Structures are given as structure tokens and as C-alpha cells.
Amino acid sequence: MWDSSRRGGARKSMNLVLLGYPGSGKGTQAKLLSGRLSLLHVSTGDIFREAIASGSALGGEVSRYMASGALVPDELVLDVIKARLDKESGGILFDGFPRTVEQARALDAYFASRARRIDAVIFLDIDEESVVERLGARRTCPQCLKIYNLLTSPPEKEGVCGACGGRLVLREDDSPEVIRRRIGVYKAQTEPLSAYYRSAGNFFPVKGGSAPEAVAGDIAAMLKNKIAA
Ligand code: ADP
């Protein structure tokens, strides 16, 4: 079902975007898909969290936006993305970017100037109630970035990452108050991207409410039908 070969020609240059509410499963699916399709996983959220953890100037700039649930300004996000993409020629899987119509336009222009394009925008469709439940139960490993859910995929040993032994944490922006703010920000600034990509003809909704492997299977089937056909 999956082509995990780096020599896989067409697959190698495929560019995908994962879109959906915070907590819709973008990070989890991105990790599964990028491994199986040999795509570079680019998560702006992870880039920013790493910058904060390392104490860099970028981290200093973005931390206040993230902690409050606001978006990092477009200009800053685009600088970070361009610096990241300039070194890459293979296929990319974007997770958490673009998040505004302005970011989407900038990405289209960037790809067009390099004779590349977005092959599919995968929209993880999930209702708002599930988002609140999932984010409150989410625990993350700050060391290896593995994601757990206390209700659906808890760690074997409480509070400890099964992959690297790191101590699991509740992300600062997964507190109830900040979750509400992020949902509001999503509706106002990110939801318009669905219409943007739908009119571009590369928008593919997938049900995001089931278990991670089931969602990954649906995405694989969709890509096979719509893209690789
Ligand atoms: P989630 O999708 O669960 O909200 P992310 O890890 O993708 O989590 O993002 C966490 C935070 O990082 C966002 O709330 C925002 O402050 C910032 N961020 C991440 N990506 C972007 C982006 N493309 N544009 C602006 N801000 C971003």
C-alpha cells in the first residue's frame, strides 16, 4: 500500500499539506505519512517549540504568541519556512503551515517560482467537541516529540515516553483557556483556507475522528485514488 522507497520517482517530489483544527491529528498523521512516503515533515509548531527550547532569538520572538494561543505573525513564519525550504528539493509534508490565506498565497508563489506545486491538501475533518477533549488529554514528549493521548493512546508507564524515556508534559498551550482561544483563532484565520484550496481543486477531506492507523489508511487510499492514479 505504501511506497517507502526514496527512489520512488513521482512520490519523491509530492508536496502535501495537512489542514485541520488544532488537535485534529495533523502531527500524528504527519509522522506516519512522512515516514511511509519519504517526505520531509515540516511542522512550524515543532520548529517554534525547538527554537524556544534552545533559547534562540527566534524562540524569544515566538514564545509570547504561542503561549497565548495567537498566531505567530505571517512575516516571521514565512522567513522561517523559506529558510527551511531553500535547502530542500524532495517532497514535503507541511503540518501546521499554511495557517492563513496570506501564508497559503506566499507558499503558492514560492512553489510556482520553482516549478513545483502542492499536490494535495488533506483536511482532517473533526468536530469542535472532540478537539477540546483531545487537546486536554494530549501529552507530549519534549525530547523526541512523540505525542500521546491519555484516553486513546496512553504511555505504558504513566508520565514517561515509551520511545525515549523522556518525561511527558502538557503543552502550555493545551490549557483549557488557551485551547478556547486557539479554536477561535482557527475559525477566524485558518478555516478560510478550506475555501481557498477547494477552489484550487486540490482539497481532499478525510474523516479525522477514528484511530490514527485508520485515518492513515484513509489518507493512503485517497492519495492512491486521486493523486497517484
Ligand atoms: P496545533 O495545530 O495543535 O495548534 P501547532 O504545534 O501546529 O499546534 O502550533 C502551535 C502554535 O504555534 C500555534 O498556536 C501558533 O501560535 C504557532 N504556529 C504554528 N504554526 C504557525 C503558522 N503557520 N502561523 C502562525 N503561527 C503558527
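This structure is a prediction, so every number in the text was calculated from the model and none was measured. Just so you know, ligand 1 is whichever comes first in the structure, and atom 1 is the first atom listed for that ligand.
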Checklist entry - By the rule that ILVMFWY residues connect when side-chain heavy atoms come within less than 4.5 angstrom, directly or transitively, which residues belong alongside Tyr148? => result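 In the cluster with Tyr148 are Leu168.
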Checklist entry - Hey, is Asp108 close enough to Arg105 for a salt bridge, meaning N to O under 4.0 Å? => result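 Answer for the salt bridge query: no.
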Checklist entry - Is the shortest distance from a Lys or Arg side-chain nitrogen in Asp95 or Lys26 to a carboxylate oxygen in the other one below 4.0 Å? => result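 Here Asp95 does not pair with Lys26 in a salt bridge, since their nearest N and O are not under 4.0 Å apart.
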Item to check | Pi-cation contact, Tyr110 with Arg114 (under 6.0 Å, within 45°) | outcome: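 Yes; both conditions hold, so Arg114 lies above the ring face of Tyr110.
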Checklist entry - Which pairs pass salt bridge (Lys or Arg N to Asp or Glu O under 4.0 Å) with one or both residues in residues 183-206, sequence neighbours excluded? => result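 Qualifying pairs: Glu128-Lys187.
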Next on the checklist: Residue by residue, ordered by chain and number, which ones reach under 4.0 Å of ligand 1 with a heavy atom?
Outcome noted: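 Near ligand 1, by chain and number: Pro22, Gly23, Lys26, Thr44, Gly45, Phe48, Arg49, Met66, Ala70, Leu71, Val72, Val77, Gly96, Phe97, Arg99, Gln103, Arg138, Arg171, Asp173, Arg182.
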Item to check | Counterpart residues, side chain to side chain contact (heavy atoms under 4.5 Å, CB included), relative to Thr152 (two or more places apart) | outcome: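 With sequence neighbours excluded, Thr152 shows a side chain to side chain contact (heavy atoms under 4.5 Å, CB included) to Asn149, given in chain and number order.
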